[in-house]
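None of these values were measured; they are calculated from a predicted model.
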Amino acid sequence: MRDLKQIREEVAACDAQLARLLARRMDCLKEALLYKKGHGLPILEPATENGKKTGAEKERGPADPARDVYGEELEQIFACISQMGKKVQGKALLDHNIALIGFMGVGKSTVSHCLRDLLAMEEAETDAMVVEAEGMAITDIFAKYGEPYFRRCESDAIIRLQNRRQVIISCGGGAVTRQENVECLKKSSRIVLLTATPETILERVKNSRERPILNGHMDLPYITGLMEKRREAYEAAADITVSTDDKPVVEICEEIIQKATAGDFS
């Protein structure tokens, strides 16, 4: 039997070899991003990542002793490696935040969650930050204190995000109607305006009870009028505009990343 020193030396050697292989894997992921960008290929490709996981499982094989003994642990390790690979890709793609703006119901939360999962980035929703800070639902804040108070809370949340990087920020529908919020977001973010038709908006929000501005006005004329009222502020704030009508969320995310990295990818 080997002594403890010999065992520890082999563990250290394994760790060093693993570190070299993992670093090489991350370099390959960054190289693949450069290739895809240079050849106009889709950047995110979530289906490809799923294929890699399946391939790794096949390589180990059902008769692999390591898999038989350490199957659960190895699966968790490979899941962590995959997650860190996404994080490397996210860092290679973006050195700033992505701030999603637009009218309620355009899909900001859905797109934010998808980008978070595909690129292993942090996520922040300004509405959720206000709810946490105030200890009450937005509908209750509106009822008790009114919209001006909520807007001040919203601005405070955006200020708290201005020094962070590589965060997907999902902004409330009225956030950029205040110029100070736009100026704060532009310090660290590419502002992405998500759009949809009034008909699409109504279909998406018609059963919601968490839209205080639409309480008693859940109809197409009111939504159309409010969207038009905010349109100029949205367009003035936006660096990028992406329509969400009749598009799968991954396609929307791909368009955002393509536009957000255009001209500054290295």
Side-chain angles (χ1 to χ4, degrees), residues 29 32-33 36-37 40-54 79 82-94 96-129 131 138 161 166-176 185 189-211 214 223 227 230-231 234-235 237-262 265:
L29 290 174
L33 280 178
K36 288 189 284 187
K37 190 69 178 179
L41 298 174
I43 290 173
L44 298 178
E45 295 185 299
T48 302
E49 184 64 26
N50 292 336
K52 289 177 183 176
K53 292 178 184 177
T54 302
S82 176
Q83 187 74 355
M84 290 304 101
K86 293 176 184 178
K87 197 173 188 70
V88 166
Q89 291 176 317
K91 287 183 175 180
L93 284 167
L94 303 167
H96 48 265
N97 303 325
I98 295 291
L100 304 174
I101 67 169
F103 199 77
M104 62 191 82
V106 294
K108 295 187 296 291
S109 293
T110 300
V111 171
S112 178
H113 297 340
C114 187
L115 284 171
R116 174 201 64 195
D117 293 342
L118 291 173
L119 297 174
M121 295 177 70
E122 290 186 71
E123 181 183 33
E125 294 197 39
T126 58
D127 283 355
M129 293 173 68
V131 168
I138 291 174
L161 294 167
Q166 294 178 314
V167 179
I168 308 298
I169 303 172
S170 179
C171 299
V176 297
L185 287 169
S189 306
R190 294 286 171 81
I191 299 180
V192 180
L193 170 60
L194 299 181
T195 66
T197 65
E199 291 79 7
T200 297
I201 298 294
L202 179 59
E203 181 63 28
R204 290 173 178 173
V205 305
K206 64 183 180 182
N207 296 318
S208 174
R209 297 295 178 265
E210 300 176 358
R211 317 276 183 175
L214 294 184
I223 289 173
M227 289 178 70
R230 291 181 176 180
R231 181 178 59 82
Y234 286 153
E235 292 177 353
D239 299 308
I240 298 163
T241 300
V242 175
S243 170
T244 66
D245 287 299
D246 302 318
K247 290 181 183 175
V249 64
V250 173
E251 182 180 330
I252 296 167
C253 291
E254 179 68 38
E255 186 174 347
I256 289 171
I257 292 301
Q258 290 282 0
K259 291 181 175 179
T261 60
F265 190 89

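At a threshold of 4.5 Å between non-hydrogen side-chain atoms, the residues V111 and I256 count as touching. The closest side-chain heavy-atom distance from K37 to Q258 is below 4.5 Å. Taking the side chain as every heavy atom from C-beta outward, L119 and I257 approach each other to under 4.5 Å.
Scored by the side-chain hydrogen bond (donor to acceptor under 3.5 Å, both in side chains) test, E123 finds S112, H113, R116 as partners (sequence neighbours excluded). The side-chain hydrogen bond (donor to acceptor under 3.5 Å, both in side chains) test applied to K91 returns no partner, not counting sequence neighbours. Legend: residues meeting side-chain hydrogen bond (donor to acceptor under 3.5 Å, both in side chains) with R204, ordered by chain and number and at least two apart, are T244. With sequence neighbours excluded, no residue forms a side-chain hydrogen bond (donor to acceptor under 3.5 Å, both in side chains) with D117.
Under the 3.5 Å distance criterion, the side-chain polar atoms of Q166 are matched with a main-chain donor or acceptor of L94. The main-chain N or O of L41 is never found under 3.5 Å from a side-chain atom of K36 such that the two would form a donor-acceptor pair.
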List the steps, then state whether side chain to side chain contact (heavy atoms under 4.5 Å, CB included) holds for D127 with I138. CA-CA 8 Å; D127 283 355; I138 291 174; 3.5 Å; yes

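Between the OG atom in S189 and the CD1 atom in I169 there is a gap of 4.0 Å [rounded to 0.5 Å]. Distance check: L115 CG to E254 CD gives 10.0 Å after rounding to the nearest 0.5 Å. Distance CD/E251 to CG/L44: 11.5 Å, rounded to 0.5 Å.
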Ignoring hydrogens and angles, write down the donor-acceptor pairs under 3.5 Å from the side chains of residues 191-198, residues two or more places apart or on other chains.
{"unit_1": "T197", "atom_1": "OG1", "unit_2": "T200", "atom_2": "N", "d": "3.1"}
{"unit_1": "T197", "atom_1": "OG1", "unit_2": "T200", "atom_2": "OG1", "d": "2.9"}

Can you give each donor-acceptor pair under 3.5 Å made by side-chain atoms of residues 101-110, sequence neighbours left out, with the distance rounded to 0.1 Å?
{"unit_1": "K108", "atom_1": "NZ", "unit_2": "G102", "atom_2": "O", "d": "2.9"}
{"unit_1": "K108", "atom_1": "NZ", "unit_2": "F103", "atom_2": "O", "d": "3.3"}
{"unit_1": "S109", "atom_1": "OG", "unit_2": "E125", "atom_2": "OE1", "d": "3.1"}

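Taking each heavy atom of T126 and C171 in turn, the nearest pair found is OG1-CA, 3.5 Å. Across all their heavy atoms, L29 and G85 have their closest contact at CD1-CA, 3.5 Å. The shortest heavy-atom contact between L185 and A99 is CD2-CB, 4.1 Å. Closest heavy-atom contact between I43 and T261: CD1-OG1, 4.3 Å. The two residues M227 and I201 make their nearest non-hydrogen contact at SD-CG1, 4.0 Å. Taking both residues in full, the closest heavy atoms of V249 and C114 are given as CG2-CB, 3.7 Å, listed atom of the first, atom of the second, then distance.
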